[in-house]
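Below you'll find the structure, written out as structure tokens, and then a few comments.
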2 protein chains.
Amino acid sequence: MSVQERKERERADRERLIVATARELAEQQGWDAVTTRRLAERIEYSQPVLYSHFRGKREIIGAVALEGAAEMAAALRAAASAADGPRTRVTALARAYLAFAERNPAVYDAMFRLDGGLAFAHEDTPEPLKDAFAALLETLGEVAGDGVHPALFTEVFWAALHGLATLTRAGRLPPEDTEPRVELLVDRLAM
Amino acid sequence: MSVQERKERERADRERLIVATARELAEQQGWDAVTTRRLAERIEYSQPVLYSHFRGKREIIGAVALEGAAEMAAALRAAASAADGPRTRVTALARAYLAFAERNPAVYDAMFRLDGGLAFAHEDTPEPLKDAFAALLETLGEVAGDGVHPALFTEVFWAALHGLATLTRAGRLPPEDTEPRVELLVDRLAM
DNA sequence: CTCGATTGTCTAGCAATGCTAGGATCGGGT
DNA sequence: ACCCGATCCTAGCATTGCTAGACAATCGAG
């Protein structure tokens, strides 16, 4: 039985290696550079091995997205818990969100821009994604205001952050004024 | 001289045909289905003809984006001018923006999601893009509030709209609650 | 310890993609 | 009528995601 366990462990290790390598490569040279061949070469296996772990490239992107979602949730909670007072927490949360997007552009793309074959807003939404939304909700729910559904408020606030993140990264918004944008957003939206 | 003029006219016609066909195909089957071969077949020319008009696929996407930007600017202005009172105008503008994104998903993708090789927020930003932003600014500048730079306010509001549009289209947000989201956004952000 | 079977991995190849070189063909000007 | 240039197409390249089939290593049974 121990033999089989070792094999499973090795398999799991290799799967982690694939995901980590894909992420690394994407952060270094962009997702376009993440081809199955290059990825296979980096992990020092042949291409078909990838397909014994994942159904295809999409699933690899999805795996990176899930890993990123977990990290993001942790980062958001850490930032929020370091601040006190609901509004301060919201500001810290917003800054942490945008900082995460800026520091991990490839991961952010995997989560929200690319098609990782993940389901959202459904029953079968993967746990890390639901948890990342929950992390937002925890802090944002406090400042939704009377008569406003916390989830709805969180969606709107999240959409605004997502818009800022993507438009900035795509060069649609000059990056210098990020801070005043955050302040304006929190000032107006949070009650 | 007339011969040359006719040729130029025909060339311009064909270029419009290429852009229109690319857009149509993208709206019907998504941008993934817009391959140079399929596109060439639809316009009843061979592939290399495309490259005598555009440097590559990116530029074709860019052309669709510019066309879309002009349309969007017109749609936004029409919606805004049909409403009176600054806040009502903003609501109308927001609805028009999201409606445009929903009705022309491929065009919206070309404008903001895909890489069309266009420059933003620079000197050399194409006119239609600057004009679309101007259309937003005209209406949103009125409700920026005291001491808030109209352009900055417009950027934030735009980012929020963009976030709602993309997250909804990507299935990240359930589409039913779009209207209350818009109301919340206008309620809080507009002064 | 040996042998068959199963499991795992790689080589080789497919169809589709964006893009380009080279030759054929058509038309206008002299 | 002829030539020359513009215009267009056939054919092909390298790269992509993905897969079939051959090969080797490993494990369990006798």
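All heavy atoms count here, side chains included; hydrogens, waters and symmetry mates do not. Since the model is a prediction, treat every value here as computed from it, not as a measurement. Sequence lines set the chain letters: A, B, ... in the order given, protein chains first and strands last, and positions in each chain run from 1.
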Tell me which residues in residues 56-67 of chain B put a heavy atom below 4.0 Å from DNA chain C, sorted by number, or none.
B:Gly56, B:Lys57
Which ones in residues 30-47 of chain B lie close to DNA chain C, meaning a heavy atom under 4.0 Å from one of its atoms?
B:Val34, B:Thr35, B:Thr36, B:Arg37, B:Arg38, B:Gln47
Identify which one of A:Tyr108, A:Phe133, A:Tyr97 satisfies the ring-ring contact (aromatic ring centres under 6.0 Å, His included) criterion when paired with A:His162.
A:Tyr108
Under 4.0 angstrom between B:Arg55 side-chain N/O and C:dT20 OP1 or OP2
no
Whichever of B:Val49 and A:Tyr51 has its nearest DNA chain D nucleotide further upstream toward 5':
B:Val49
Nearest heavy-atom contact between B:Ala40 and B:Gln47 is CB-N, 3.6 Å
So, the side chain of [X] versus the backbone of [Y]: is there a donor-acceptor pair under 3.5 Å, distance only?
| X | Y | value |
| --- | --- | --- |
| B:Glu27 | B:Ala106 | yes |
| B:Arg172 | B:Leu167 | no |
| A:Asn104 | A:Phe100 | yes |
| A:Thr166 | A:Gly163 | yes |
| B:Ser81 | B:Ala78 | yes |

Can A:Glu71 and A:Arg23 be counted as an ion pair, charged N to O under 4.0 angstrom?
yes
Write down the distance between [atom1] ([X]) and [atom2] ([N]), rounded to a whole number of angstrom.
| X | N | atom1 | atom2 | result |
| --- | --- | --- | --- | --- |
| B:Leu50 | D:dC9 | CG | C1' | 13 Å |
| A:Glu10 | C:dT7 | CD | C1' | 13 Å |
| A:Arg14 | C:dT7 | CZ | C1' | 12 Å |
| A:Glu15 | C:dT9 | CD | P | 13 Å |
| B:Glu8 | D:dA6 | CD | P | 13 Å |

Reckon A:Arg11 touches a base, only the sugar-phosphate, or nothing at all at heavy-atom distances under 4.0 Å?
nothing
Quick one: sort the B:Phe153 and B:Phe157 rings into parallel, tilted or perpendicular, breaks at 30° and 60°.
tilted
